[in-house]
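Comments concern the structure below.
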Amino acid sequence: VSRSKGLRGTESQREPRIPSQFSQEQRIAMKEALKGAIQIPTVSFSPKELNTTALAEFGEYIRKVFPTVFHTSFIRHEVVGNYSHLFTIKGSDPSMQPYMLLAHIDVVPAPDKGWDVPPFSGLERDGFIYGRGTLDNKNSLMAILQALELLLIRNYIPRRSFFIALGHDEEVSGINGAQKISALLQARGVQLAFVVDEGSFILDGFLPNLKKPFAMVSVSEKGAINLRLQVNMTPGHSSAPPKETSIGILAAAVSRLEQTPMPNMFGSGPLRMALEQLANEFPFPTNIVLNNLWLFRPLVSRLMERNYVTNPMVRTTAALTMFNAGIKENVIPPVAEAIINFRIHPAQTVQEVLKLAKDIVADDRVQFHVLDAFDPLPISPSDDQALGYQLLRQTIQSVFPEVNIVAPGTCIGNTDSRHYLNLTTGIYRFNPVYLQPQSFSSIHGINEKISVEAYETQVKFIFEFIQNGDTDVEPVPHLHEL
Ligand SMILES: CCCCCCCC/C=C\CCCCCCCC(=O)N[C@@H](CC(C)C)C(=O)O
Ligand SMILES: [Zn+2]
Ligand SMILES: [Zn+2]
């Protein structure tokens with residue numbers, strides 16, 4: 001039985017594979033390299049407040065740690081938007097369509113409070129490397145360059161060309177990094193077979209009753225709206241207050257938005273496919289329920305709403321993130337404003353969500369100002385013909401043989417990959433790392449950490465993935481398993 005459904009096996013590769021085994025010395029060097037990357041505080045505070053000194057230092061750092069990547073004749077390195085990096089790795093077979101690996105350099109802020117070790121120390125404790133960026137996303141960035149460095153020193157020459165794009169402002173939009181790289185490649189006429197970015201993991205313990213981990217490769221990501229609500233009222237003396245103030249009207253409006261969930265959209269798309277694939281991994285009676293979603297769909301959609309990580313999978317969410325009003329204790333405020341951050345389910349659009357929000361607020365005194373918005377990303381193919389998805393699946397099965405299921409999903413956050421829609425229809429978000437609910441909370445939270453073993457496995461994954469990318473033939477129709 002071939003486990004790598006849909007792809008021709010490695011027998012069609014011309015060069016022998018380089019085994020993904022690393023010496024003790026190399027393993028020490030790779031973890032030390034990650035620690036050094038964590039120690040550079042490449043924090044993005046806002047689109048206009050980036051730590052540019054740290055970003056520049058990071059550029060120097062990768063040159064020092066990965067010398068072979070920077071001194072190989074078939075690799076072109078360019079700095080884009082001052083701090084982002086684009087590598088073009090030219091393969092020996094120009095007939096093969098290139099792909100791209102993505103990661104980002106910047107991290108969200110991390111005040112020391114609550115951390116067991118300082119967040120930019122990169123300290124190792126009990127087999128874990130701690131620090132901001134160990135899961136989001138310097139692990140990916142360093143693992144990509146590390147795997148390439150290790151391949152190159154073993155004289156690897158790829159057949160299929162590929163790009164590596166390292167954005168410097170993902171955490172604040174990606175418009176000066178990923179968006180510029182994308183425009184540059186578009187101007188060069190590049191079309192990609194697929195891209196792989198952050199945005200999902202091997203999920204362990206996220207679904208009640210599911211004991212075994214499964215790999216979720218996100219094939220879409222939610223859209224978003226940042227909406228500013230504003231109420232203007234006549235100011236006056238607080239000793240004689242009007243019946244309603246701008247604060248009261250706005251507070252009631254945002255409370256209605258918080259208390260009125262957007263419609264549950266469970267039914268089709270990646271989540272349903274994932275649950276159907278996972279059905280037999282669940283004990284009785286959940287296995288029966290998930291094998292018969294035609295009958296139990298209402299029950300399952302209700303169960304999904306109950307959990308804080310599965311709820312965003314089934315609906316558009318509305319988070320009240322900012323609220324401002326008032327100028328003095330004894331002045332009736334002239335204006336109150338709030339920001340609502342919506343994350344749009346792939347089955348809805350910006351316009352539909354705005355209409356629903358207006359109906360929920362149902363008060364003409366509340367003005368709507370859309371600050372920025374984009375629709376959910378299209379669903380990338382995950383069938384037997386989908387090269388990127390199948391290469392990920394093949395590599396997951398080889399590096400994580402204990403993982404039985406690789407299923408498509410939707411990324412609930414946004415990633416730099418959305419800026420590459422002009423270059424490919426295959427956008428996959430997957431980090432080859434185990435994630436438990438507790439480690440999920442550490443992303444943008446406290447005590448973000450990765451085990452040394454998990455990081456080594458991530459390097460191994462990319463080392464194998466790049467070689468799998470040289471697969472001779474494009475995916476072939478599903479062959480019958482014997
Ligand atoms: C079968 C259902 C299981 C559900 C489990 C879900 C577990 C979630 C796993 C991974 C989610 C990770 C999301 C990481 C990407 C987010 C990156 C980010 O924060 N981006 C910003 C971008 C913005 C434009 C500044 C964001 O706010 O989304
Ligand atoms: Zn990230
Ligand atoms: Zn992030």
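Counting convention: from 1, in listed order, for ligands and their atoms alike.
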Can you tell me if Glu276 has over 12 outside heavy atoms packed within less than 6.0 Å of its CD? yes
Students often mix this up, so state it plainly: with edges at 30° and 60°, are the rings of His77 and Phe87 parallel, tilted or perpendicular? tilted
Under 3.5 Å donor-acceptor, Ser442 side chain and Gly445 backbone: no
What protein N/O/S atoms sit under 2.8 Å from the Zn ion (ligand 3), by chain and number? Asp136 OD2, Glu171 OE1, Glu171 OE2, His444 NE2
Is the side chain of Lys449 donor-acceptor paired with the backbone N or O of Phe128 at a distance under 3.5 Å, no angle test? no
Could you go through ligand 1 and list every pair where one of its N or O atoms sits under 3.5 Å from a protein N or O, giving the atom names and the distance to one decimal?
residue: ligand 1; atom: 20 (N); partner: Glu170; partner atom: OE2; Å: 3.4
residue: ligand 1; atom: 20 (N); partner: Asn414; partner atom: O; Å: 2.7
residue: ligand 1; atom: 27 (O); partner: Arg343; partner atom: NH2; Å: 2.8
residue: ligand 1; atom: 28 (O); partner: Arg343; partner atom: NH1; Å: 2.9
residue: ligand 1; atom: 28 (O); partner: Asn414; partner atom: N; Å: 2.8

Side chain Ser121, main chain Val117, donor-acceptor under 3.5 Å: no
Looking at His419 and Ser173, would you say the former's side chain and the latter's main chain have a donor-acceptor pair under 3.5 Å? yes
State the CD-CD1 distance between Gln351 and Ile225, to the nearest 0.5 angstrom. 8.0 Å
Would you say the side-chain atoms of Glu221 pair up with the backbone N or O of Thr415, donor to acceptor, closer than 3.5 Å? yes
Short side-chain to backbone donor-acceptor contact, Arg343 and Ala224, under 3.5 Å: no
